[in-house]
Student: 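Pasting a structure below so you can have a look.
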Amino acid sequence: MSPPASTPALTLHDSQRRALVPFAPLDPNHVRVYYCGPTVYDLAHVGNLRAMLTADLLVRLLRRLYPRVTFVRNITDVDDKITARARANSETIAALTARTTADFHADLAAIGIVPPDLEPRATDNIAEMQDIITRLLAHGHAYEAEGHVLFAVQSFPGYGTLSGRDTDDLIAGARVEVAPYKRNPGDFVLWKPSDDTQPGWDSPWGRGRPGWHIECSAMAHRYLGESFDIHGGGDDLLFPHHENERAQSLCCFPNGTFANVWLHNAMLLVDGEKMSKSLGNFYTVRDVLARGPAEALRLLLMTSHYRSTLNFTFGGLEDATRTLDRFYRALETTPPRADGIVPDSVMSALCDDLNTPRALAALHALADAALAGDSEASSGLKASGALLGLLDQTPADWFRAGVGLDETTIATLIEERLAARKARDFARADEIRAALAAQGVALEDTATGTQWRRG
RNA sequence: GGUCCGAUGGCAGAAUGGUGAUGCAGCGGACUGCAAAUCCGCGUAUGUGGGUUCGAUUCCCGCUCGGACCUCCA
């Protein structure tokens, strides 16, 4: 028995420091993570999945390294896009957000993303938002103007530190009409007035609704405190969303540090361009699952490092499917024991800023060994798959999923072909094989008999 | 216009200041009635021009090209 694998140190890329840093939890007994969740007005697309999957892998790894992890991912259920979509659909906001949230959960479950420990909704945290706004006003970090409450970026010397830009850049680069009531072009809304057709809550500043950024400050504080370990999201959130969140939180809770480490994943591309709703070049999760196994989609998203852009193609989905074929073939050839351990080759790759491509290369080495009959390797492959959220099916389920023919019919035809082969009637044997292939069933003659799988 | 990131074989994609993983595809072979699966073997790459260095794909500068953010966005 080999000694227990030593635990490699976890290193993560911190956007704020723009460097790989050793991960040092504030409390090693309780690691706390916040991720920005979806605005629930439409089906998720595969690009949206990338941040969710990165968080999933991070949390799976953290749970292996630390005794307790609290992972919070919010649901944004108040937003002008939601209001507009509900109106366009002639449905209530509540119906739209409830349905979209359920769809979101189903899509994530399909690709094996574990739910967060807490999934607070923005509309359940209005009071916390108002509390933060009140404090920001009291400390001179915010001001009222024409029914709005705005954050004053110049009141916070650290503004721009996270995203690496200063307020002068923002003025120079402003491509949008600056509202005349803003003191500084970079100021952003904390609270805005609602008319009768818009959702609203009573507040000291009149009936209104929150700005976009304040909800995350409120929920992160409520559930994780003034200081916590990791805050993540897509790199398109770095500015302005995360910059503004950070500014609000640090000004409201100056004794805290807000997030210690900022994690940002790169975008998914389609034909070299960012996949996005506004460009219309997106595939929903359901579009993709109609064309390939969910597990292959999960694997595909791990073939590239989370900080590299990944060009999404259906060819890539097919490649991922073939890779899983080989992994499952290895598990089928040499069944794993239940007590396998994750080899150091996999752990060290993941601990190196979630280097999934390197981890997958290690899985290939394990699969090679398992195919050669190495039970230790097979068990390690299975255990590594469990850590990565892969290889949870039986090989039989994987190889036979989606076959329309019933097994009895297939077995009968296999027997008939076997008889033909014994009689050396290969024309008939090949005819049967071709007929099965036409219906998506592939045959493999092995030393122990003829096996079938989806073709 | 401002800020930032990237460019590795046909494709995907790691790594590294000193002979460039891994997978897919391709080619040859073994096995097979033929296939499939599996196994063995093979080929092909660091965008471009400089600089630092004994040595650069790696570090620095310019250029070209691509992408992201500056507006809702994972």
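Proteins come first, then strands; the chains are lettered A, B, ... in the order of their sequence lines, and each starts at number 1.
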Student: Report yes or no: is the cationic atom of A:R50 (NZ for Lys, CZ for Arg) under 6.0 Å from the centre of the six-membered ring of A:Y306, at an angle within 45° of the ring normal?
Tutor: no

Student: Would a 4.5 Å heavy-atom cut-off, applied to side chains only, mark A:L57 and A:L350 as touching?
Tutor: no

Student: Once you round it to whole Å, what is the distance between P of B:A74 and CE of A:M275?
Tutor: 13 Å

Student: Using the C1' atom on both, measure B:C40 against B:C31 and round to a whole Å.
Tutor: 11 Å

Student: Check step by step if ring pair (Phe, Tyr, Trp, His ring centres under 6.0 Å) holds for A:H231 and A:Y34.
Tutor: CA-CA 5 Å; A:H231 188 129; A:Y34 187 94; 5.0 Å; yes

Student: Considering every strand and a 4.0 Å limit on heavy-atom distances, what is the contact class for A:L237: base, sugar-phosphate, or nothing?
Tutor: sugar-phosphate

Student: Contact class for A:L363 vs. all strands (heavy atom < 4.0 Å): base, sugar-phosphate, or nothing?
Tutor: nothing

Student: Using a cut-off of under 3.5 Å, enumerate the N/O to N/O pairs linking the protein to nucleotides 66-68 of chain B.
Tutor:
unit_1: B:A68; atom_1: OP1; unit_2: A:K274; atom_2: N; d: 3.2

Student: Is the shortest heavy-atom distance from the side chain of A:L268 to the side chain of A:L301 under 4.5 Å?
Tutor: yes

Student: Represent RNA chain B in dot-bracket notation, 5' to 3'. Only Watson-Crick or G-U wobble pairs with both distances under 3.5 Å count; pseudoknot-style crossings use [ ] and interstrand partners use |.
Tutor: (((((((..(((.....[...))).(((((.......)))))....(((((..]....))))))))))))....

Student: Taking RNA chain B as the partner, which of residues 31-55 of chain A come within under 4.0 angstrom of it by heavy atom?
Tutor: A:H45, A:G47, A:N48, A:R50, A:A51

Student: For the residue pair A:R209 and A:W201, would you count it as a cation-pi contact if the rule is NZ or CZ under 6.0 angstrom from the ring centre and within 45 degrees of the ring axis?
Tutor: no

Student: Is A:R99 salt-bridged to A:D42, going by a charged N under 4.0 Å from an acidic O?
Tutor: no

Student: Could you tell me the separation between the NE2 atom of A:H305 and the P atom of B:A74, rounded to a whole number of Å?
Tutor: 21 Å

Student: Can you tell me, in whole Å, how much space there is between the P of B:U52 and that of B:U58?
Tutor: 15 Å

Student: Regarding A:K182 and the six-membered ring of A:F188, is the cationic atom NZ or CZ under 6.0 Å from the ring centre and inside 45° of its axis?
Tutor: no

Student: If I take atom CG in residue A:N311 and atom P in nucleotide B:G6, what distance separates them, rounded to the nearest angstrom?
Tutor: 18 Å

Student: Under 6.0 Å between the ring centres of A:F228 and A:Y223?
Tutor: no

Student: With the side chain counted from C-beta on, respond yes when A:D353 and A:H305 share a heavy-atom pair under 4.5 Å apart, and no when they do not.
Tutor: yes

Student: Rounding to an integer number of angstrom, what distance separates B:C34 and B:G29 when you compare their P atoms?
Tutor: 14 Å

Student: I'd like the C1' distance from B:G66 over to B:U32, given in whole Å.
Tutor: 48 Å

Student: What is the distance, rounded to the nearest whole Å, between atom CZ of A:R165 and atom C1' of B:C4?
Tutor: 8 Å

Student: Reading nucleotides 27-34 of chain B from the 5' end, what letters show protein touch, with B for base, S for backbone sugar-phosphate only, - for no heavy atom under 4.0 Å?
Tutor: ------BB

Student: Any ring-ring contact (aromatic ring centres under 6.0 Å, His included) involving residues 371-396 of chain A? Give me the pairs, sequence neighbours left out, ordered by first then second residue.
Tutor: none

Student: Once side chain to side chain donor-acceptor pair (under 3.5 Å) is applied, do any residues pair with A:D287, and if so which ones, sequence neighbours excluded?
Tutor: A:T284

Student: Taking side chain to side chain donor-acceptor pair (under 3.5 Å) as the definition, give me every residue that meets it alongside A:E332, ordered by chain and number, with sequence neighbours left out.
Tutor: none

Student: Return the value, rounded to whole Å, for the distance between atom CZ of A:R17 and atom C1' of B:C4.
Tutor: 19 Å

Student: If you measure from the C1' atom in B:A45 to the same atom in B:G13, how many Å do you get, rounded?
Tutor: 12 Å

Student: In this structure, how many angstroms lie between the C1' atom of B:A35 and the CZ atom of A:R453, rounded?
Tutor: 11 Å

Student: Between A:F426 and A:R421, is there a cation-pi geometry (under 6.0 Å to ring centre, at most 45° from the normal)?
Tutor: no

Student: Less than 3.5 Å apart, any donor N or O on the side chain of A:E295 or A:Y328 sitting next to an acceptor on the other?
Tutor: yes

Student: Could you check which residues of residues 384-399 of chain A get a heavy atom under 4.0 Å from RNA chain B? Sort them by number, please.
Tutor: none

Student: How far, in whole Å, is B:U57 from B:A15 if one measures between their C1' atoms?
Tutor: 10 Å

Student: Using a 6.0 Å distance limit plus a 45 degree cone around the ring axis, check whether A:R18 lies over the aromatic ring of A:W262.
Tutor: no

Student: Could you tell me the separation between the CG atom of A:L263 and the C1' atom of B:A74, rounded to a whole number of Å?
Tutor: 13 Å

Student: Between A:S304 and A:K81, just flag the one whose closest nucleotide in RNA chain B comes earlier from the 5' side.
Tutor: A:S304

Student: Within a strict 4.5 Å, meaning less than it, do heavy atoms of the A:L263 and A:Y35 side chains meet?
Tutor: yes

Student: If the C1' atom of B:A12 is compared with that of B:A7, how far apart are they to the nearest Å?
Tutor: 15 Å

Student: Using atom names, set out every protein N or O paired with an N or O of nucleotides 20-25 of chain B below 3.5 Å, distance rounded to 0.1 Å.
Tutor:
unit_1: B:C24; atom_1: O2'; unit_2: A:D319; atom_2: OD1; d: 3.4

Student: Measure from NE2 on A:H213 to C1' on B:C72 and round the result to the nearest Å.
Tutor: 10 Å

Student: Quick one: does A:N260's side chain get under 4.5 Å of A:I230's, heavy atoms only?
Tutor: no

Student: With sequence neighbours left out, write down each residue that passes salt bridge (charged side-chain N to carboxylate O under 4.0 Å, His left out) with A:K81, or none if nothing qualifies.
Tutor: A:D79

Student: Which residue pairs pass the ring-ring contact (aromatic ring centres under 6.0 Å, His included) test when at least one of the two sits in residues 358-388 of chain A, sequence neighbours left out?
Tutor: A:F327-A:H364

Student: For A:E416, what residues pass the salt bridge (charged side-chain N to carboxylate O under 4.0 Å, His left out) criterion, not counting sequence neighbours?
Tutor: A:R428

Student: Can you tell me, in whole Å, how much space there is between the P of B:U64 and that of B:A56?
Tutor: 25 Å

